[in-house]
Visitor: 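The structure is given below, and queries will be raised subsequently.
The figures here come from the full heavy-atom set of this structure, side chains too, leaving out hydrogens, waters and symmetry mates.
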Amino acid sequence: VQLQASGGGLVQTGGSLRLSCAASGRTFSGFSLGWFHQGPGTERELVGAITWNEGDTQYADSVKGRFTISSANGENAVYLQMNSLKPEDTGVYYCAAYPGSYYVDGDQIAYWGLGTLVTVSS
């Protein structure tokens, strides 16, 4: 299984970026795909996730109204549109897949992708 993340970069405060995750190697029916953020010196935390079958979404409070997760099942891809970026959004963003729907901290992640770095300058 491969989860290939891309789209990171350097952006100014208030700017936007769109991250992409290309998923391959298995069917993700019954799974959710999510984006996790790891800032400098912090633990990875979920910022957004989407169920593969239903398209139900889940967001961290810190990104609600700013980030939008979407999927293109026919392309086996998941996207994270990030608007109104803040310096605290800086970090590595990882694409991940886990069975089931609603994610709670500590839940088992089945697959991790390599991250993509986002840097938001102030």
Visitor: V1, I50: one ILVMFWY side-chain cluster at the under-4.5 Å cut-off?
Guide: yes

Visitor: Rounded to the nearest 0.5 Å, how far does CD of Q81 lie from CD1 of I69?
Guide: 12.0 Å

Visitor: So how far is it from S32 OG to D107 CG, rounded to the nearest 0.5 Å?
Guide: 10.0 Å

Visitor: Can I get a per-line list of side-chain donor-acceptor pairs under 3.5 Å for residues 94-104, giving both atom names and the distance, sequence neighbours left out?
Guide:
{"unit_1": "Y98", "atom_1": "OH", "unit_2": "S101", "atom_2": "O", "d": "3.4"}

Visitor: Determine whether L3 and F36 fall in the same hydrophobic cluster, where Ile, Leu, Val, Met, Phe, Trp and Tyr are linked whenever their side-chain heavy atoms lie under 4.5 Å apart.
Guide: no

Visitor: Would you say that more than 12 heavy atoms from the other residues, nucleotides or ligands in this model lie under 6.0 Å from the CD of E54, or not?
Guide: yes

Visitor: Return yes if some donor-acceptor pair links the side-chain N/O of N53 with the main-chain N/O of G30 below 3.5 Å, else return no.
Guide: yes

Visitor: Give the minimum heavy-atom separation between L117 and V92, together with the two atoms involved.
Guide: CD1-CG2, 4.0 Å

Visitor: To check you understand the geometry: which heavy-atom pair defines the closest contact between G7 and L17, and what is its length?
Guide: O-CD2, 3.9 Å

Visitor: Nearest 0.5 Å please: distance from the CE atom of M82 over to the OH atom of Y93.
Guide: 5.0 Å

Visitor: Between S20 (side chain only) and Y79 (backbone N and O only), is there a donor and an acceptor less than 3.5 Å apart?
Guide: no

Visitor: Contact between Y111 and L33 at the side-chain level, heavy atoms closer than 4.5 Å - yes or no?
Guide: no

Visitor: Transitively linked via ILVMFWY side-chain contacts under 4.5 Å: L80 with L46?
Guide: no

Visitor: Of the non-hydrogen atoms in D61 and K64, which two are nearest, and what is the gap between them?
Guide: OD1-NZ, 3.1 Å

Visitor: Are there more than 12 heavy atoms of other residues, nucleotides or ligands under 6.0 Å from atom CG of L114?
Guide: no

Visitor: Can you tell me how far apart CH2 (W35) and CZ (F67) are? Round to the nearest 0.5 Å.
Guide: 11.5 Å

Visitor: Return the CZ to OG1 distance between R18 and T68, rounded to the nearest 0.5 Å.
Guide: 11.0 Å

Visitor: Would F28 and V78 count as a side-chain contact (heavy atoms from CB on, under 4.5 Å) here? Give the steps.
Guide: CA-CA 12 Å; F28 291 96; V78 175; over 6 Å; no

Visitor: Answer yes or no: is there a side-chain heavy-atom contact under 4.5 Å between S16 and V11?
Guide: no

Visitor: Does Q38, at its CD atom, have more than 12 non-hydrogen atoms belonging to other residues, nucleotides or ligands within less than 6.0 Å?
Guide: yes

Visitor: Using a strict 4.0 Å threshold on nitrogen-to-oxygen distance, state whether K86 and D89 make a salt bridge.
Guide: no

Visitor: About how many Å separate OG of S62 and NE2 of H37, when rounded to the nearest 0.5 Å?
Guide: 8.5 Å

Visitor: Ignoring hydrogens and geometry, is there a side-chain-to-backbone donor-acceptor pair from S84 to R66 under 3.5 Å?
Guide: no

Visitor: Would the number of heavy atoms belonging to other residues, nucleotides or ligands and lying under 6.0 Å from CD of E88 be above 12?
Guide: yes

Visitor: Do you reckon W52 sits in the same ILVMFWY cluster as Y59, going by side-chain contacts under 4.5 Å, direct or chained?
Guide: yes

Visitor: For T116 versus G8, what's the shortest heavy-atom pair and its separation?
Guide: OG1-N, 3.0 Å

